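Quick notes on the structure that follows.
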Amino acid sequence: MNYILRNLKASDIYNKIVESNVDSINISGLVCVYKSALVSTLNVDKKVPVVLVTYNEIQANELIKNLKYFIDRVYYFPKREISIYDYDVESNEIENKRIDVLKKIYNNEVNVVVTTVECLMQPMISKDTLFENIFNIKTRDEVDINEIQKKLVLMGYTRKNLVENFGEFSIRGDIIDIGTSEKDGVRVELWGDEVDSIRLFKYSSQRSTDMQNEVEIFPASEKILETNLKNIANRIEEMANTAFTGFSKDVLNMKAYLQSATNTRNSSISKDVDEISNGNYKNKIDKYFSEFYTKTSNFLDFCNNFVLAIDEESKIIQRVNGIQSDNTNLIKELIEKEKCIPESLILTLDFNFDSVLNDWKD
C-alpha cells in the first residue's frame with residue numbers, strides 16, 4: 001500500500017489537483033485499489049472530506065473495503081427503498097444507516113462518504129427541514145416533559161417501555177431515555193422542571209456511564225414533517241384538482257396512460273387524506289412526496305463543503321439510463337394494474353446527472 005501512495009504522491013497530475021482549488025474530480029480507468037488510494041490521499045492532503053459517487057452498490061462496497069485500508073471514518077450512504085404499495089415499509093436498518101451518516105456529516109465526523117447515483121436520483125427531505133429539528137438539552141435547563149415527548153415523536157422516535165435501540169425513547173417518572181446511536185443512548189434526569197443530570201447509558205446493561213453537560217438530539221428519521229398534517233392533506237386535495245403532469249418521458253406521454261394514471265390517483269386520494277389526517281402518513285410519503293415536501297434536497301446538498309469524486313462517469317450515465325428505463329416500465333405496469341404511481345418514482349425520471357454536476361460547480 002505504501003508503494004501505491006508513493007507513486008500517487010509523485011504524480012504531477014495528482015499534485016496539481018492538491019494545489020488547486022478544484023472541488024470535483026472525475027476518476028476513470030484505474031483499478032479499484034488505486035481509486036481508493038487517490039480518494040483517501042486527497043482527503044488527507046486537501047484536509048477536506050470527500051463524497052465519492054459510483055455506479056452501483058457492488059462497486060461501492062469494493063471501494064469502501066479498499067478505502068478502509070488507507071483511512072478511517074469511511075461511510076456508505078445507501079439508497080432508500082421507494083414505497084410502491086401502501087403496505088411497503090422501509091427497512092429500519094437502511095433508515096438508521098442513512099440518518100447516522102447524515103448526523104456524522106452534520107457533526108463533521110466524516111472523511112469519505114460513498115454513495116451510488118441511484119441514491120442521488122431519489123428526492124430527499126430538504127437539508128434545512130431536517131436540521132432545523134435538531135435540539136439541545138443542557139443541565140439546569142427548564143423543560144416541559146410533554147413538549148419533549150411531542151418533539152421526539154415528530155423527529156421519528158418511537159416510545160417504548162425500555163430503550164434498547166437507536167430511534168426509541170422512554171419516559172419513566174422524571175427520567176427520559178433516548179436512543180441516539182447504535183450502542184448507547186442519553187439518559188436525562190429531571191428535578192421538577194429542571195434538567196438535573198445528563199448521562200450516556202449502554203443498551204446492553206442499561207447502566208449509566210459518562211456524565212454530559214449538554215447533548216444534541218438529532219432526528220431519528222428523514223420522515224420529518226415540513227408542515228402539519230392538515231396542511232399536507234389540503235395540498236393533496238388541491239393536487240387532485242390539477243392535471244396529471246408527472247410523466248415527462250416520451251414513452252409515457254400517451255393520452256391513455258395519462259388519463260388512466262389520473263383516474264387511479266384520484267380514486268385513492270380521499271381514503272389517503274383521511275388516513276394522513278389521522279396520523280397514518282409514513283407509508284404515504286413516497287406517494288405524495290411533492291405535497292409532503294415543497295422544499296427538497298439532493299444528497300449532495302448535504303455535502304457542500306466536500307470534494308466531489310465521480311467514479312467512471314460513463315458507467316454512471318449508463319446506470320441512470322437503465323434505472324429510468326426500468327422505472328418507466330414499472331410505472332406502466334402499475335398503471336395497467338390500476339395502482340397509484342408514487343411521486344418519488346416519477347421524480348427519478350427527471351433526474352439529469354449533468355445538471356447535478358453543474359449545480360455542484362455553481
Side-chain angles (χ1 to χ4, degrees), residues 24 51 53-56 77-85 88 90 98 115-130 222-223 226 232 235-236 238-262 264-266 269 284-304 308 310 313-336 339-362:
S24 64
V51 53
V53 179
T54 190
Y55 46 90
N56 63 32
F77 190 75
K79 67 176 183 180
R80 306 191 284 113
E81 295 298 330
I82 293 177
S83 181
I84 304 298
Y85 303 107
D88 283 351
E90 184 178 27
R98 284 171 61 93
T115 193
T116 64
V117 70
E118 187 167 2
C119 179
L120 302 191
M121 295 175 71
Q122 298 175 339
M124 291 178 61
I125 182 174
S126 78
K127 179 179 176 181
D128 291 342
T129 301
L130 184 66
E222 295 170 63
K223 296 174 181 176
E226 180 184 271
I232 291 168
R235 288 174 185 173
I236 294 170
E238 289 173 8
M239 175 270 294
N241 297 321
T242 63
F244 197 105
T245 57
F247 301 134
S248 61
K249 295 295 176 180
D250 290 341
V251 71
L252 293 173
N253 278 340
M254 294 179 282
K255 187 175 292 185
Y257 273 108
L258 289 173
Q259 187 59 52
S260 178
T262 300
T264 300
R265 180 197 65 182
N266 290 352
I269 281 179
K284 304 290 192 298
I285 290 178
D286 280 323
K287 186 186 285 189
Y288 303 109
F289 192 88
S290 298
E291 287 67 50
F292 273 91
Y293 301 113
T294 58
K295 299 179 291 183
T296 61
S297 287
N298 181 289
F299 174 61
L300 293 183
D301 294 331
F302 290 84
C303 306
N304 55 9
L308 172 63
I310 305 299
E313 184 173 354
S314 61
K315 291 184 179 180
I316 285 176
I317 293 172
Q318 185 178 10
R319 177 64 175 154
V320 170
N321 293 336
I323 292 169
Q324 289 178 329
S325 177
D326 289 344
N327 286 351
T328 295
N329 291 331
L330 175 57
I331 289 170
K332 292 173 68 175
E333 181 182 332
L334 290 171
I335 292 173
E336 288 164 358
K339 302 294 183 183
C340 194
I341 315 304
E343 291 179 355
S344 290
L345 192 65
I346 296 169
L347 291 170
T348 65
L349 301 184
D350 285 330
F351 178 83
N352 182 286
F353 190 62
D354 287 338
S355 295
V356 171
L357 294 184
N358 289 334
D359 289 344
W360 178 270
K361 292 173 183 176
D362 292 340

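Small disclaimer: the values here were computed from a predicted structure and weren't measured. Numbers here are sequence positions counted from 1.
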Close side-chain approach of [X] to [Y], heavy-atom, < 4.5 Å:
{"X": "V356", "Y": "V117", "answer": "no"}
{"X": "I232", "Y": "Y288", "answer": "no"}
{"X": "N298", "Y": "D359", "answer": "no"}
{"X": "N329", "Y": "S325", "answer": "yes"}
{"X": "L357", "Y": "E313", "answer": "yes"}
{"X": "L130", "Y": "M124", "answer": "no"}
{"X": "F77", "Y": "C119", "answer": "yes"}
{"X": "I269", "Y": "M239", "answer": "yes"}

From [atom1] ([X]) to [atom2] ([Y]), nearest 0.5 Å:
{"X": "I82", "Y": "E118", "atom1": "CD1", "atom2": "CD", "answer": "8.0 Å"}
{"X": "K79", "Y": "F299", "atom1": "NZ", "atom2": "CZ", "answer": "15.5 Å"}
{"X": "I341", "Y": "K332", "atom1": "CD1", "atom2": "NZ", "answer": "12.0 Å"}
{"X": "L345", "Y": "N327", "atom1": "CG", "atom2": "CG", "answer": "4.5 Å"}
{"X": "S126", "Y": "D301", "atom1": "OG", "atom2": "CG", "answer": "9.0 Å"}
{"X": "I285", "Y": "K223", "atom1": "CD1", "atom2": "NZ", "answer": "5.5 Å"}

Could you go step by step and tell me if R319 and T54 meet the side chain to side chain contact (heavy atoms under 4.5 Å, CB included) rule?
CA-CA 10 Å; R319 177 64 175 154; T54 190; over 6 Å; no
Could you give me the CA-CA distance, side-chain angles and deciding distance for F351 and I323, then say whether side chain to side chain contact (heavy atoms under 4.5 Å, CB included) is met?
CA-CA 10 Å; F351 178 83; I323 292 169; over 6 Å; no
Looking at [X] and [Y], would you say the former's side chain and the latter's main chain have a donor-acceptor pair under 3.5 Å?
{"X": "S297", "Y": "K127", "result": "yes"}
{"X": "E343", "Y": "F289", "result": "yes"}
{"X": "T129", "Y": "E226", "result": "no"}
{"X": "Q122", "Y": "R80", "result": "yes"}
{"X": "R98", "Y": "P78", "result": "yes"}
{"X": "T328", "Y": "Q324", "result": "yes"}
{"X": "N321", "Y": "Q318", "result": "no"}
{"X": "D286", "Y": "S83", "result": "yes"}

Taking all non-hydrogen atoms of both residues into account, name the closest pair between L308 and V53 and its distance.
CD1-CG2, 3.8 Å
Tell me the closest heavy-atom pair linking W360 and C303, and the distance in Å.
CH2-O, 3.0 Å
Verdict with reasoning, L347 to T296, per side chain to side chain contact (heavy atoms under 4.5 Å, CB included)
CA-CA 11 Å; L347 291 170; T296 61; over 6 Å; no
